[in-house]
Engineer: 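A single structure is presented below for examination.
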Amino acid sequence: MNPVSTGLDTVILTYMDNGIVTKGPPGLMSRLSFRAGDPSMGDASITITYLEVGDSGTFQCKVKKNPGVDSRKVTLSVQEAPTHPQCYIEGDQTKGSDVILKCNPNEGTPPLNYKWEKIAGPSNPATPVINMTPMNGDLLIKNISDAYAGAYQCTVGNKVGSGTCVTELALHAGKTEDKHSITAIICT
């Protein structure tokens with residue numbers, strides 16, 4: 001078996017002269033074995049344990065037996081669920097400002113799907129001006145007001161699983177001018 005690449009193939013495992021010869025990376029070879037104890041009996045299937053995303057690729061099995069050679073290709077696609085996403089807010093959380101709610105998964109095989117929902121806080125009386133970028137999970141909220149305050153949950157998923165995170169949009173009153181400021185002048 002060998003992962004197929006452009007140009008010459010990289011041989012990772014060979015059965016020849018009643019012996020197994022390993023030629024692949026040690027990290028892969030410690031997890032790879034022939035399923036049958038003696039592949040010369042007709043079963044050259046391999047088993048890869050503890051699959052990793054990096055194991056994805058096209059593998060080719062070549063069998064050389066007189067009078068010829070036969071080969072088969074198998075494509076392995078290892079998918080990883082997005083887990084432990086991190087939610088946070090970019091922008092000034094003051095009334096009238098625009099903010100971006102961010103949802104970043106630590107892992108996950110594309111394509112990733114994002115869904116935001118408000119899970120706590122006042123209900124919005126009208127449809128909010130919210131723009132979501134499905135490609136990266138950013139949620140833009142324009143001209144925030146008290147109605148937008150609360151907890152927002154992001155769910156990010158793909159074909160094999162999903163993860164969630166929550167962030168809290170807490171509005172600040174913003175800067176106000178103090179009309180009653182006192183300036184003290186001390187003369188000595």
Side-chain angles (χ1 to χ4, degrees), residues 1-91 100-119 130-140 151-168:
M1 298 295 261
N2 49 15
V4 176
S5 59
T6 56
L8 298 175
D9 294 338
T10 303
V11 176
I12 60 170
L13 185 65
T14 303
Y15 183 84
M16 182 172 49
D17 298 329
N18 295 323
I20 297 172
V21 180
T22 59
K23 298 181 178 183
L28 173 62
M29 298 316 300
S30 65
R31 300 178 291 114
L32 187 141
S33 62
F34 281 110
R35 187 166 54 181
D38 184 1
S40 68
M41 300 303 290
D43 184 0
S45 302
I46 62 168
T47 299
I48 304 174
T49 57
Y50 305 106
L51 287 172
E52 300 172 359
V53 173
D55 295 334
S56 296
T58 301
F59 292 82
Q60 180 176 13
C61 176
K62 290 183 182 176
V63 177
K64 295 180 183 179
K65 190 170 183 176
N66 287 332
V69 176
D70 196 10
S71 67
R72 295 285 186 270
K73 289 184 181 181
V74 174
T75 299
L76 174 64
S77 177
V78 180
Q79 303 285 308
E80 183 176 41
T83 58
H84 311 297
Q86 296 178 355
C87 288
Y88 59 96
I89 298 173
E90 282 186 357
I100 301 173
L101 279 61
K102 300 284 219 172
C103 182
N104 293 330
N106 292 327
E107 297 116 11
T109 306
L112 298 174
N113 300 305
Y114 296 87
K115 177 185 171 191
W116 280 98
E117 60 184 320
K118 187 174 181 182
I119 59 172
I130 295 178
N131 297 319
M132 183 168 158
T133 307
M135 296 304 289
N136 64 9
D138 289 357
L139 178 66
L140 170 64
Y152 289 80
Q153 178 175 283
C154 173
T155 302
V156 56
N158 62 11
K159 292 179 182 179
V160 294
S162 64
T164 60
C165 60
V166 175
T167 190
E168 182 79 25

Engineer: In this structure, are over 12 heavy atoms from other groups packed under 6.0 Å from Asn106 atom CG?
Structural biologist: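 Enclosed: over 12 neighbouring heavy atoms sit under 6.0 Å from CG of Asn106.
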Engineer: Give me the atom names and distance for the closest heavy-atom approach of Cys165 to Gln86.
Structural biologist: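 Heavy atoms only, the tightest pair is SG-C, 3.7 Å.
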Engineer: For Gly137 and Trp116, which heavy atoms make the closest approach, and how far apart are they?
Structural biologist: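 Taking Gly137 first and Trp116 second, the nearest heavy atoms are O-NE1, 2.7 Å.
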Engineer: Considering non-hydrogen atoms only, spot the tightest contact between Ala44 and Pro39 and give its length.
Structural biologist: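 That closest heavy-atom pairing would be CA-CB, 4.3 Å.
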Engineer: Is the shortest heavy-atom distance from the side chain of Asp70 to the side chain of Arg72 under 4.5 Å?
Structural biologist: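 A side-chain contact under 4.5 Å exists here.
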Engineer: Considering all heavy atoms of both residues, which atom of Gly161 and which atom of Ala81 are nearest to each other, and what is their separation?
Structural biologist: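 Reported closest heavy-atom pair: CA-CB, 3.8 Å.
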Engineer: Within this structure, what is the CD1-OG1 distance for the pair Ile89 and Thr167, rounded to the nearest 0.5 Å?
Structural biologist: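 Separation between the atoms: 4.0 Å.
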Engineer: Ignoring hydrogens and geometry beyond distance, is a side-chain donor-acceptor pair present between Asp38 and Tyr15 at under 3.5 Å?
Structural biologist: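 Per modelled atom types, Asp38 and Tyr15 side chains form a pair under 3.5 Å.
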Engineer: Does the pair Asn104 and Tyr88 meet the rule for a side chain to side chain contact (heavy atoms under 4.5 Å, CB included), with working shown?
Structural biologist: CA-CA 9 Å; Asn104 293 330; Tyr88 59 96; 3.0 Å; yes
Engineer: Would you confirm whether Arg31, through its side chain, and Ile48, through its main-chain N or O, come within 3.5 Å as a donor-acceptor pair?
Structural biologist: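 It does not hold such a pair.
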Engineer: Any side-chain heavy atom of Leu101 within less than 4.5 Å of one from Cys87?
Structural biologist: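 In short, these two side chains do not touch, never coming nearer than 4.5 Å.
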Engineer: If we ignore angles and hydrogens, is there a donor and acceptor under 3.5 Å between the side chains of Thr58 and Gln60?
Structural biologist: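 Not at all, the side chains of Thr58 and Gln60 share no donor-acceptor pair under 3.5 Å.
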Engineer: What's the spacing between Thr109 OG1 and Gln79 CD if we round to 0.5 Å?
Structural biologist: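 Atom-to-atom, Thr109:OG1 and Gln79:CD are 4.5 Å apart.
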Engineer: What closest approach, in Å, do Val160 and Glu80 show between heavy atoms, and which atom pair accounts for it?
Structural biologist: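 Closest heavy-atom pair between Val160 and Glu80: CG2-C, 3.6 Å.
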Engineer: Which residues pass the side chain to side chain donor-acceptor pair (under 3.5 Å) test with Thr83, not counting sequence neighbours?
Structural biologist: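 Counting only residues at least two positions away or on another chain, Thr83 forms a side chain to side chain donor-acceptor pair (under 3.5 Å) with Glu107.
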Engineer: Supply the atom-to-atom distance Phe59 CZ to Thr10 OG1, rounded to the nearest 0.5 angstrom.
Structural biologist: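 OG1 of Thr10 is found 10.5 Å from CZ of Phe59.
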Engineer: What is the distance from atom CG of Asp17 to atom OG of Ser40, rounded to the nearest 0.5 Å?
Structural biologist: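 It is 11.0 Å, given to the nearest 0.5 Å.
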Engineer: Does the pair Met29 and Leu13 meet the rule for a side chain to side chain contact (heavy atoms under 4.5 Å, CB included), with working shown?
Structural biologist: CA-CA 8 Å; Met29 298 316 300; Leu13 185 65; 3.9 Å; yes
Engineer: Using every non-hydrogen atom in the two residues, find where Pro105 and Leu112 come nearest and quote the distance to one decimal.
Structural biologist: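 What the structure gives for the nearest pair is CG-CD1, 3.8 Å.
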Engineer: Take Lys102 and Asp138, measure what side chain to side chain contact (heavy atoms under 4.5 Å, CB included) needs, and give me the verdict at the end.
Structural biologist: CA-CA 5 Å; Lys102 300 284 219 172; Asp138 289 357; 2.9 Å; yes
Engineer: Any chance you could measure Ile46, atom CD1, to Ile12, atom CD1, to the nearest 0.5 Å?
Structural biologist: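 Between Ile46 CD1 and Ile12 CD1, I get 5.5 Å after rounding to 0.5 Å.
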